[in-house]
Amino acid sequence: MPQNSSLFLVVRLFALAIFVAIFSGSTVQGLSPDALSKSVGAGAGVPIARTQAERSGGVDPALWPMTTADWRTAPVDLSFMNATEVPAGKRGFVRAVGDKLQFADGAQVRFWGTNITAYALFTTPKDAVRAQAKRLSALGFNLVRLHHHDSFWVSPNIFGDTKATKNTRLLNAESLDRLDWWVKCLKDEGIYVWLDLHVQRALLKDDAIFGFDEIRKGNAQADLKGYNYVNPTIQSAMQRFNEAYVTHLNPYTHLANKDEPAIAAMLITNENDVTHHFGNALLPDKNVPDHNRLYTAAATAFAGAHDLPKDKVWRAWEHGPSKLFLNDLEHQFHMAMIGQLRALGVKVPIVTTNTWGGNPLSSLPALTTGDVIDVHSYGDAGQLEKNPLVADNMIDWIAAAQVVGKPLTVTEWNAVPFPSADRHTLPLYVAGNASLQGWDALMQYAYTQQPITGPGTASNWHSYNDPAMMATLPAAALMYRQGHVREAANTYVFAPSAAQLYGQAITPANSAALRTAAEIGRLLIALPPTKELPWLQGSAIPAGARVLHDPNESVLPAGAQEASSDTGEITRNWAKGTYTINTPRTQAAMGWIGGQTITLADLVVTVQNPSATVAVQSLDGTAIAQSKNLLISLGTRALPKQGNQAPFNVEPLDGEVSIKASKGLKLTKRNADQSLESIPVAYRGGRYLVPLWAARGSNWLFLKR
């Protein structure tokens, strides 16, 4: 080895530290001290980020007990929350009223949902579909999104066997029957359905699409995203699909999709915006001359109508006049689609597309064309540790899409890549912030992508068998749907000028205002009136709101290490990587809580595992201290076998929970065979001392009379 190898190693490791800090969505200052505590060599002083496994320590994960969340049953039965809604739709059609979702009878609704996707839609046996609908209700879900119904990589899909499909003009009768059965079974359990119209449909040669050869890129099929905004034949193909799908009569419910009140909303096209992602697909250098000609003609006409520079309007990759044009182009397309759907008789809220994958605020105007703003947000490991003074996290990207006067839904949230060691923290983290911000619907992605006929494989897209995610999903459903966490008392409104909104890419990644305001109060985005977009209504600032104009303005003090919501119920300490919820009916601690004593109103948590989630909740509607029925949810690391195969090795939780509660309660756990096992528990000074080792083999304990 060369003599200068030590110096070379130090340089390499320093570069690695910078790389990790930047590409984890953070900066060196944005990482917690613990994440940077490992140095190289005596006196080298070169900090590098430790992996989750290194920070967690402990025994070899291969020695942890092996288990899989039982795919046939639910650990806890929360179906009582759906009991008054059976069948789904009994209150009439869902509607958007102001910034909330309501039933036709005026009752406000919160949806806690998930996604069922792809192969699971078409190959899950019918008896298993019925059983899973019951399980979904027991887990606390009241909304399911049917997704990837049209995607080319799924066979069969809604067009049938993809190897035999010559065109996408006709919907396959057997595939429709499978979707109909899902709708019927979910409806019977009081679960609503989110219906996507387009996700990833592949256009084929026999679809007679103008310019097909240039957009198929040498493949047998073409992805329509982006091109649909300028190509009338693609628009017609999408509208033919819409008509066939929404007017289709479900033989099990005897209602067409357009007349089905159990369908909560419809999405026109998934992850398909022209304002940020797919405008570039139409540019001159993309070798699509037919589509570029249509795009250029539209850009030139817009420039002429609004006295804008023609040499700037078409430049989709730049902020400035192009963002005005692209918002208008997207708006005009969706107005035509919405007009068709309303003419067909669709009554529920219609969503155009999503803000996702780094969309700046300049993408929001076109999204207001729909009744609801929808968001997709994925976070990597360590979301609780992201310092909002310098770094964004997944919650910030959702909060930055809450437009004044519009409901906000999240059809996809999750952690990537799989298996994120701290994913057990996400359900309660998402639900807690959704409650604080007043968001209307949350859909975890995904419950399953595979047919549910057994334990299945391990995947980010299969939470149904994942012990880590399933550990806290029911707790999050209970807390969010029953409103255990109060909405923020104060509102912050970020109100950019038109020059700011269209002239610069403002995102949570570069805006301290967006990141910090969402930590303590409700964050809203006010869109400015824009003369070039006469269809865009300027937002009315809510009375009493604190208005922010500078994206760099922080509402947290410099050097802050934690923040509490203005209600005092939620606290996130990013220096420690912890998150606590402290309400009368839900009290929880999660993140890097090991080795600490965390004291909440009725709960004291002491665990030895470096990272864990512990939540105690009332199941009978009373405060924890008076409740006769308590649920204890426990989350730790869960790692699948090599090659992402089930079952999982699940880290045992070691420690103790002290709970102030009524005398005379019994502690039990549910075993893998669904039997209840009694566990001795001490009761001293009005508190139960619950040993967490007693839960081994289960993520849930029950303390009830």
Undergrad: Between Asn272 and Gly226, is there a donor-acceptor pair closer than 3.5 Å when you use the side chain of the first and the backbone of the second?
TA: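 Confirmed, Asn272 side chain pairs with Gly226 backbone.
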Undergrad: I would like to know whether Val351 and Asp371 meet side-chain contact (heavy atoms from CB on, under 4.5 Å); could you show each step before the answer?
TA: CA-CA 6 Å; Val351 186; Asp371 299 303; over 6 Å; no
Undergrad: Got a sec, which residues hit side-chain hydrogen bond (donor to acceptor under 3.5 Å, both in side chains) with Ser322, two or more places apart in sequence or on another chain?
TA: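 side-chain hydrogen bond (donor to acceptor under 3.5 Å, both in side chains) check on Ser322 returns nothing, list empty.
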Undergrad: Should Arg95 and Lys347 count as side-chain neighbours, where that means a heavy-atom distance under 4.5 Å?
TA: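 No, every pair of side-chain atoms sits at 4.5 Å or beyond.
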Undergrad: Between Glu85 and Arg91, is there a side-chain N and carboxylate O pair less than 4.0 Å apart?
TA: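 Yes, this pair counts.
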Undergrad: For Lys126, does the NZ atom sit with more than 12 other heavy atoms under 6.0 Å from it, leaving out its own atoms?
TA: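 Yes, NZ of Lys126 has more than 12 neighbouring heavy atoms, counting only those of other groups under 6.0 Å.
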Undergrad: Before accepting this row, confirm whether a basic side-chain N of the pair Asp99/Arg522 lies closer than 4.0 Å to the acidic partner's carboxylate O.
TA: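 A salt bridge is present here (some side-chain N lies under 4.0 Å from a carboxylate O).
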Undergrad: Do the side chain of Thr165 and the main chain of Asn167 share a donor and acceptor less than 3.5 angstrom apart?
TA: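 It does not hold such a pair.
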Undergrad: Below 30° counts as parallel, above 60° as perpendicular, anything between as tilted: where do the rings of His149 and Phe241 land?
TA: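 Taking Phe241 first and then His149, their aromatic rings sit tilted (interplane angle of 30° to 60°).
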Undergrad: Please say which of Phe93, Phe141, Phe103 ends up in a ring-ring contact (aromatic ring centres under 6.0 Å, His included) with Tyr192.
TA: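 One option only clears the test, and that one is Phe103.
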Undergrad: Going through the distances and angles, do Asn270 and Trp356 end up as a side chain to side chain donor-acceptor pair (under 3.5 Å)?
TA: CA-CA 10 Å; Asn270 181 70; Trp356 64 288; over 6 Å; no
Undergrad: Using atom types as modelled and distance alone, determine if a side-chain donor or acceptor of Asn414 lies under 3.5 Å from a backbone N or O of Asn460.
TA: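 Looks like yes, one N/O pair under 3.5 Å.
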Undergrad: Answer yes or no: does atom CD of Glu318 have more than 12 heavy-atom neighbours from other residues, nucleotides or ligands under 6.0 Å?
TA: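 Yes, CD of Glu318 has more than 12 neighbouring heavy atoms, counting only those of other groups under 6.0 Å.
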Undergrad: Begin with the C-alpha distance, continue with both residues' side-chain angles, and end with the deciding distance and a verdict on side-chain contact (heavy atoms from CB on, under 4.5 Å) for Leu171 and His248.
TA: CA-CA 10 Å; Leu171 309 189; His248 166 71; 5.8 Å; no
Undergrad: With side-chain contact (heavy atoms from CB on, under 4.5 Å) as the test, would you mind laying out the steps for Ile338 and Thr352 before giving the verdict?
TA: CA-CA 8 Å; Ile338 291 170; Thr352 58; 4.3 Å; yes
Undergrad: For the pair Asp105 (side chain) and Gly92 (backbone), establish whether a donor and an acceptor sit closer than 3.5 Å, ignoring hydrogens and angles.
TA: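 Between the backbone of Gly92 and the side chain of Asp105 there is no qualifying donor-acceptor contact (under 3.5 Å).
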Undergrad: Under a 4.5 Å cut-off applied to non-hydrogen side-chain atoms, are His277 and Asn359 in contact?
TA: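 His277 vs Asn359: side chains touch.
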Undergrad: Using modelled atom types only, decide if a donor and an acceptor are shared between the side chain of Asp396 and the backbone of Asn393 within a distance under 3.5 Å.
TA: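 Yes.
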Undergrad: Is the closest side-chain heavy-atom distance between Tyr245 and Leu197 below 4.5 Å?
TA: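 In contact.
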Undergrad: Please determine if Asp207 and Arg240 form a salt bridge, counting it only when a charged side-chain N lies under 4.0 Å from a carboxylate O.
TA: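 No, Asp207 and Arg240 are not salt-bridged.
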Undergrad: How far apart are the C-alpha atoms of Asp374 and Lys406, what are their side-chain angles, what is the distance that settles it, and do they pass the salt bridge (charged side-chain N to carboxylate O under 4.0 Å, His left out) test?
TA: CA-CA 10 Å; Asp374 186 64; Lys406 287 284 186 179; over 6 Å; no
Undergrad: Are Lys184 and Asp180 close enough for a salt bridge, meaning some N to O gap below 4.0 Å?
TA: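 Looking at Asp180 together with Lys184, the answer is no, because their closest N to O distance does not fall below 4.0 Å.
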Undergrad: Side-chain contact test, heavy atoms from C-beta onward, threshold under 4.5 Å: evaluate it for Asp392 versus Trp397 and give yes or no.
TA: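 In short, these two side chains touch, coming nearer than 4.5 Å.
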Undergrad: Taking NZ, NE, NH1 and NH2 as the nitrogens, is one of them in Arg145 or Glu412 under 4.0 Å from a carboxylate oxygen of the other?
TA: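 Salt bridge between Arg145 and Glu412, a charged N being under 4.0 Å from a carboxylate O: yes.
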Undergrad: Between Tyr480 and Leu442, is a side-chain contact (heavy atoms from CB on, under 4.5 Å) present by the stated rule, with each step listed?
TA: CA-CA 10 Å; Tyr480 174 73; Leu442 287 300; 3.5 Å; yes
Undergrad: For Ala298 and Leu329, work out which heavy atoms get closest and say how close.
TA: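 Closest pair (atom of Ala298, atom of Leu329, distance): CB-CD1, 4.4 Å.
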Undergrad: Is the backbone N or O of Val430 less than 3.5 Å from a side-chain atom of Asn433, with the two atoms forming a donor-acceptor pair by type?
TA: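 Not confirmed, Asn433 side chain does not pair with Val430 backbone.
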Undergrad: Given Val183, which of Val144, Leu255, Asn250 fulfils the side-chain contact (heavy atoms from CB on, under 4.5 Å) condition?
TA: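 Considering Val144, Leu255, Asn250, a side-chain contact (heavy atoms from CB on, under 4.5 Å) with Val183 is found only for Asn250.
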Undergrad: Are more than 12 heavy atoms from other residues, nucleotides or ligands located less than 6.0 Å from atom CG of Asp213?
TA: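 Atom CG in Asp213 is crowded, with more than 12 foreign heavy atoms closer than 6.0 Å.
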Undergrad: With a sphere of 6.0 Å drawn around CG of Asp307, does it hold more than 12 non-hydrogen atoms of other residues, nucleotides or ligands?
TA: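 It does not: Asp307 CG has 12 such atoms or fewer within range.
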Undergrad: Among Ile234, Thr233, Leu203, which residue meets the side-chain contact (heavy atoms from CB on, under 4.5 Å) test with Tyr227?
TA: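 Option passing the side-chain contact (heavy atoms from CB on, under 4.5 Å) with Tyr227: Ile234.
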Undergrad: Do Tyr252 and Trp181 have their ring centres less than 6.0 Å from each other?
TA: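 That pair passes the under 6.0 Å test.
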Undergrad: Report yes if the side chains of Trp194 and Asn115 come closer than 4.5 Å at any heavy-atom pair, otherwise no.
TA: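 No, every pair of side-chain atoms sits at 4.5 Å or beyond.
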Undergrad: Looking at Ala446, is its backbone amide N or carbonyl O close enough to the side chain of Gln449 to form a donor-acceptor pair, meaning the two atoms are under 3.5 Å apart?
TA: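 No, because the side chain of Gln449 does not come within donor-acceptor range (under 3.5 Å) of the backbone of Ala446.
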Undergrad: Will you find, in the side chains of Gln444 and Trp112, an N or O donor that is under 3.5 Å from an N or O acceptor?
TA: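 Note: Gln444 and Trp112 side chains miss the donor-acceptor criterion.
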Undergrad: Kindly indicate whether the side chain of Thr162, heavy atoms from C-beta on, has any atom under 4.5 Å from the side chain of Gln221.
TA: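 Answer no - side chains too far apart.
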Undergrad: Quick one: closest heavy-atom pair of Arg130 and Cys185, and the distance?
TA: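 Scanning both residues completely, I find the closest heavy atoms to be CA-SG, 3.9 Å.
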Undergrad: Search all heavy atoms of Ala120 against all heavy atoms of Gln450 and return the closest pair with its distance.
TA: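 Answer, listing the atom of Ala120 first, then Gln450: CB-O, 3.3 Å.
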Undergrad: Assess the residue pair Asp223 and Arg201 against the criterion (salt bridge (charged side-chain N to carboxylate O under 4.0 Å, His left out)); give the C-alpha distance rounded to whole Å, side-chain angles, the decisive distance to 0.1 Å, and a yes or no.
TA: CA-CA 7 Å; Asp223 188 344; Arg201 174 185 179 182; over 6 Å; no
Undergrad: If the plane angle is over 60° it's perpendicular, under 30° parallel, otherwise tilted; pick one for Tyr445 and His148.
TA: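 Perpendicular, since the angle between the ring planes exceeds 60°.
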Undergrad: Are Thr269 and Tyr229 packed together at the side-chain level, in the sense that at least one heavy-atom pair is separated by less than 4.5 angstrom?
TA: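 When only atoms from C-beta onward are counted, Tyr229 and Thr269 do touch, with a gap below 4.5 Å.
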Undergrad: When you measure from the side chain of Asp273 to the backbone N and O of His276, does any donor-acceptor pair fall under 3.5 Å?
TA: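 Confirmed, Asp273 side chain pairs with His276 backbone.
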Undergrad: What are the two closest heavy atoms between Ala540 and Val404, and how far apart are they?
TA: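 Scanning both residues, the minimum pair turns out to be O-CG1, 3.3 Å.
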Undergrad: Can you confirm whether the side chains of Ser497 and His549 place a donor and an acceptor under 3.5 Å from each other?
TA: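 No, no side-chain donor-acceptor contact under 3.5 Å.
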Undergrad: Between His376 and Trp413, is the gap from one ring center to the other below 6.0 Å?
TA: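 No - the distance between ring centres of His376 and Trp413 does not fall below the 6.0 Å cut-off.
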Undergrad: Tell me, yes or no, whether the heavy-atom count around Lys310 atom NZ, taken from other residues, nucleotides or ligands under 6.0 Å, exceeds 12.
TA: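 Not more than 12 within 6.0 Å, no.
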Undergrad: Side chains of Leu548 and Val493: closer than 4.5 Å at any heavy-atom pair?
TA: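 In short, these two side chains do not touch, never coming nearer than 4.5 Å.
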Undergrad: Is it the case that over 12 heavy atoms from other parts of the model lie below 6.0 angstrom from the NZ atom of Lys166?
TA: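 No, the 6.0 Å shell around NZ holds no more than 12 heavy atoms from other groups.
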Undergrad: Is Glu214 reaching over with its side chain to a backbone N or O of Asp290, donor-acceptor style, under 3.5 angstrom?
TA: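 Pair found, side chain donor or acceptor close to backbone of Asp290.
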Undergrad: In chain order, what residues pass the side-chain contact (heavy atoms from CB on, under 4.5 Å) check against Ala401, with sequence neighbours excluded?
TA: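 Here the qualifying residues are Thr355, Leu364, Ile373, Val375, Leu408.
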Undergrad: Compare every heavy atom of Leu249 with every heavy atom of Ala256, then report the nearest pair and how far apart it is.
TA: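 Distance-wise, the nearest heavy atoms are N-CD1, 3.6 Å.
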Undergrad: Side chain of Thr369, backbone of Ala366: donor and acceptor closer than 3.5 Å?
TA: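 A pair under 3.5 Å: yes.
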Undergrad: Against Phe325, only a single residue in Tyr295, Tyr502, Trp314 fulfils ring-ring contact (aromatic ring centres under 6.0 Å, His included); can you say which?
TA: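 Single pass found, and it is Tyr295.
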Undergrad: Which heavy-atom pair separates Thr530 from Ala498 by the least distance, and what is that distance?
TA: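 Answer, listing the atom of Thr530 first, then Ala498: OG1-CB, 4.5 Å.
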